[in-house]
Amino acid sequence: MNKRDRRQLLIFFAMVGPGLLIYLFIVAYPVIYSVWLSFTDFNPNRGGGSSWSFVGFLQYKTMLEDPNFWHAFNNNMFVVFVSVFGQIPIGFILAYILYRRMVKAQHFFQAMIFLPQFLSTIVIGIMWKRAFSADGPVSRIIQLVTGDPTAQFDLMLYADTVMIPIGFALIWMYTGFFMIIFLANLQKMNTNMIEAAKIDGATEPQIFFRVIVPLLSGTILVSTVLAIAGSLRGFDLIFAMTTQGLQRNNAMVLPIFMYQTAFQDYSNQMRFAFGSAISNAIVFISILLIMLSNFIGKKLNAGEEG
Amino acid sequence: MKNFTKTLLVLLLVLIIVPSIMAGGKSESKGEEKIVVTAMGYGDNSNQEGLAWKRIVDSFEKENPNIDIQDELLYDEAYHQKVVARLASGDVPDLAYMGADARWGAPWMEADQQYNLKSLIDTDHYDLALIPEMGPNGEIYEIPLGTSNITTVLFMNKNLVESLGFSQPKTYEDLVAMVPAAKAAGIDVVSIDGADGWAWGSCLMSSFIARTSGDLMWVSKALAGENKFTDKAFVDALGLISTMVSDGVISKKSVLVDYGTNVSNFNNEKALFMVQGQWAAGGVENPAVADSMVLMAWPKMPGEKASAAGSVAAAWSVGYGLTKSGAEDPAVRDAGIKFINYFYSQAEVTQRLRDGAIVAPVLKNFVVPDDLPNGVKQKVVLAQTASSSEVIDAFLTGAPNDALNAGMQKIASGQATAAEVAAEVEALARK
């Protein structure tokens with residue numbers, strides 16, 4: 001290594017070092033620490049935090065035997081489903097409509113669809129909570145349509161249906177985000193390809209499915225990864241949309257299960273360690289799903305290339 | 001020369017930045033010889049509690065320039081979450097809003113941060129007879145805001161009830177008799193914030209279990225193993241919820257009503273009665289309702305035992321106390337106590353009473369003003385006349401309490417029976 005290389009290496013470390021240190025302290029250390037905690041009976045509030053014991057896989061065993069975990073897991077999978085098969089396709093279609101100028105006032109629609117991104121999640125949660133409450137706007141519409149003044153929108157009350165209005169709110173909130181990603185990528189596409197397809201007699205659906213979708217497969221994959229990661233750590237919107245008690249229990253997702261366990265369940269003496277196990281499960285499931293989406297993405301790309 | 005200038009500049013920057021990062025608030029307080037008291041207040045900038053806290057902190061600091069109250073104001077779930085987080089991280093405040101029961105006292109007790117104030121209490125200022133003993137040896141961990149916290153109040157809109165041709169109900173059947181007239185008028189008989197799980201436990205069931213069992217201390221006995229949650233008395237008490245819903249006394253839609261909407265419904269005369277704790281009296285701001293409302297215990301319920309007739313559930317009031325960590329430094333401890341005494345001054349307590357935040361003060365020789373609002377007078381009457389039973393979540397915590405609260409919501413919405421919920425609570429409580 002000559003003097004110039006050494007100097008460049010020093011500059012490299014000087015540039016990367018601060019960021020790397022921050023990452024190690026703020027991201028990597030807590031993750032590793034959390035993994036360690038999940039194998040203990042850690043509770044710093046119990047007896048001053050001095051008494052920790054190694055308990056092996058006890059927290060994970062308890063977690064897997066807890067029906068609340070599986071209930072929260074199912075709800076989380078629903079959120080992932082809504083994100084991947086709801087927000088992304090709708091965002092893509094909306095972006096395509098705007099890109100191909102199929103509607104007038106594109107800028108207005110673009111701003112309106114993206115608007116929820118400018119609002120605080122808590123504000124959005126409270127807004128939808130009010131919309132779905134007793135005699136709230138949605139109930140009033142049902143009462144007008146059915147002519148029954150006592151009719152109520154009660155999907156939020158039942159474990160089987162609570163995720164439907166939540167899924168709707170999730171789509172309303174995040175579709176604009178994916179629309180902007182797709183729109184930005186569509187706008188930097190070479191329009192000659194679309195023109196060439198048109199000259200060859202391709203119809204609008206053929207242009208969309210045979211030209212646009214394959215070209216944006218990378219963007220779709222990145223969006224899917226973002227959607228999965230966001231869905232599994234999603235806490236704020238569902239927390240704000242539901243009230244403590246039956247609604248929140250019904251709509252419980254893994255981060256809420258983790259929060260309620262670690263912060264509220266005083267009857268569980270090992271609740272912080274248990275909470276760590278749940279948060280590690282969230283990370284593990286995220287990695288699995290992202291690997292799966294990468295695998296599917298590669299297969300699809302291979303198919304396109306073939 | 002260039003290099004020297006650069007080095008000098010870097011050195012100067014380091015000299016400026018590093019000490020300011022390292023020093024934090026301490027050097028400031030040392031420089032000005034201020035005693036810093038870290039405090040956790042309860043309230044937010046939109047409610048009376050929060051506004052009063054901010055005003056008191058500001059005026060206290062003006063009158064005591066050597067004391068700096070570094071406060072954090074939190075409300076509802078944000079408060080409970082932050083307490084746990086701060087205790088877990090070792091960032092223990094010196095002074096805090098706290099309770100001494102299973103809900104409000106549990107994190108402080110678990111972290112061994114409860115500090116006995118008994119020897120510091122000014123007995124000329126506080127009436128010790130009105131402050132409960134909170135520990136096994138008569139410890140007092142916090143100065144309660146008021147004498148007792150009645151959680152199962154039935155607020156009656158007297159004018160509205162009378163306008164429909166009825167009077168104050170003496171029995172449950174009297175409530176049932178109001179249902180057709182209320183329905184015809186398009187209003188509810190009894191409004192409850194049924195979307196909030198805690199409301200069912202704290203504001204309804206805590207009274208019902210005493211009534212059906214005839215034992216004002218049934219809950220603590222259940223936790224001690226003397227009673228079971230599957231006992232007939234408890235199942236019957238839970239069964240009253242489905243009875244009320246099927247009779248139309250409580251609307252099925254109430255499970256979708258939150259706290260704010262409940263108080264608003266009562267304020268706007270959309271209900272004859274409202275179920276809530278005594279603290280909600282301050283939220284009734286419509287003068288037409290506030291001036292004529294009656295705060296009462298639940299009337300005689302089906303299956304009620306005579307020994308608990310007319311009882312209400314009441315818990316120790318929450319208040320402000322010092323933590324063990326805060327009391328370690330005598331200067332901080334004394335400054336903290338000085339602030340607490342200021343917080344509980346005659347003038348502030350009178351204001352709190354007027355705001356409807358408390359039932360009755362714990363101060364010695366407190367002169368009750370003659371011009372108190374109707375709601376406050378009603379509270380005092382209720383506290384003086386009704387016997388009090390235990391509040392469930394003052395004893396039951398965690399998973400069994402959550403299951404009970406959600407279970408009552410399931411009963412009200414027809415998703416579970418009283419026996420099923422009782423069995424679930426019993427199983428979790430014995431786990």
Side-chain angles (χ1 to χ4, degrees), chain A residues 37 42-50 62 66-68 122 126 129-136 138-139 143 149-161 165 239-250 252 257 259-269 271-272 274-275, chain B residues 76-77 80-85 87-90 102-103 106-113 183 186 191 193-201 251-262 265 270 396-403 405-410 412-416 428-429 431:
Chain A
L37 290 183
F42 174 77
N43 180 352
N45 290 351
R46 185 193 55 211
S50 54
T62 312
D66 191 332
N68 285 326
I122 299 300
I126 291 169
K129 183 180 175 179
R130 289 264 174 265
F132 296 139
S133 65
D135 294 324
V138 178
S139 292
Q143 289 165 12
T150 62
Q152 298 292 334
F153 179 82
D154 61 358
L155 296 189
M156 295 290 285
L157 282 183
Y158 303 99
D160 296 339
T161 55
F239 195 81
M241 270 185 76
T242 53
T243 41
Q244 175 268 333
L246 183 62
Q247 278 187 25
R248 196 167 292 154
N249 288 359
N250 284 344
M252 190 188 286
F257 178 47
Y259 165 74
Q260 291 193 342
T261 300
F263 285 85
Q264 295 180 337
D265 189 4
Y266 294 110
S267 62
N268 183 350
Q269 287 292 302
R271 63 183 190 277
F272 286 95
F274 192 29
Chain B
D76 204 12
E77 285 194 25
H80 293 288
Q81 180 187 346
K82 197 64 184 282
V83 165
V84 177
L87 291 173
S89 65
R103 172 158 170 73
W108 305 98
M109 188 189 300
E110 186 188 47
D112 194 25
Q113 282 297 339
K183 269 192 178 166
S191 171
D193 47 323
D196 298 311
W198 62 268
W200 294 94
S251 164
K252 195 177 171 184
K253 74 175 181 190
S254 62
V255 191
L256 291 161
V257 174
D258 63 16
Y259 180 84
T261 311
N262 183 34
N265 284 345
K270 288 181 181 172
L396 193 66
T397 185
N401 190 50
D402 290 345
N405 291 342
M408 287 184 282
Q409 291 175 304
K410 283 182 187 170
S413 56
Q415 299 181 60
L428 287 166
K431 206 171 175 181

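This structure is a prediction, so every number in the text was calculated from the model and none was measured. We use all heavy atoms of the structure for the numbers below, so side chains are in, but hydrogens, waters and symmetry mates are not. In what follows, every chain begins at residue 1, and chains take the letters A, B, ... in the order their sequences are listed.
Looking at every heavy atom in both residues, B:E110 comes nearest to A:N43 through OE2-ND2, 3.1 Å. Of all heavy-atom pairs between A:G245 and B:A406, the closest is C-CB, 4.4 Å. Across all their heavy atoms, A:L157 and B:S413 have their closest contact at CD1-CB, 4.0 Å.
Note that CD of A:Q244 and CG of B:D258 are 12.5 Å apart. Values are rounded to the nearest 0.5 Å. Between atom CG of residue A:D154 and atom NZ of residue B:K252 there is a gap of 7.0 Å, rounded to the nearest 0.5 Å. Between B:D402 atom CG and A:N68 atom CG the span is 9.5 Å, to the nearest 0.5 Å. Rounding to the nearest 0.5 Å gives a distance of 11.5 Å between CG of B:L256 and NZ of A:K129. Interatomic distance, A:N249 CG to B:K410 NZ, rounded to the nearest 0.5 Å: 7.5 Å. Between the CG atom of B:N401 and the CD atom of A:Q264 there is a distance of 11.0 Å, given to the nearest 0.5 Å.
Looking at A:Y259, only its side chain comes within 4.5 Å of chain B, counting heavy atoms on both sides. Contacts between A:F272 and chain B at a heavy-atom distance below 4.5 Å involve the side chain alone, from C-beta outward. Both the backbone and the side chain of B:E77 come within less than 4.5 Å of a heavy atom of chain A. Neither the backbone nor the side chain of A:Q260 comes within contact range of chain B; no heavy atom of the residue lies under 4.5 Å from a heavy atom of that chain. In this structure, chain A has a heavy atom under 4.5 Å from the side chain of B:T261, while its backbone stays farther away. With a 4.5 angstrom heavy-atom cutoff, A:D135 touches chain B only via side-chain atoms. With a 4.5 angstrom heavy-atom cutoff, B:W108 does not touch chain A via any of its atoms. If you measure heavy-atom distances from B:Q81 to chain A, the contacts under 4.5 Å come from both the backbone and the side chain.
Counting heavy-atom pairs under 4.5 Å between each of B:G90, B:A106, B:A199 and chain A puts B:A106 at the top. Chosen from A:R248, A:M156, A:Q247, the residue pairing most often with chain B at heavy-atom distances under 4.5 Å is A:R248. Your options are A:P149, A:A262, A:A134, and the one with the most heavy-atom pairs under 4.5 Å with chain B is A:A134. By number of non-hydrogen pairs under 4.5 angstrom with chain A, the leading residue of B:G407, B:S251, B:A85, B:G197 is B:G197. For the set B:G194, B:G398, B:A88, the entry with the most heavy-atom pairs within less than 4.5 Å of chain A is B:A88.
With hydrogens and angles disregarded, no donor-acceptor distance shorter than 3.5 Å links the side chain of A:Q152 to the backbone of B:K253. Not one N or O on the side chain of B:T397 forms a donor-acceptor pair closer than 3.5 Å with the backbone of A:Y266.
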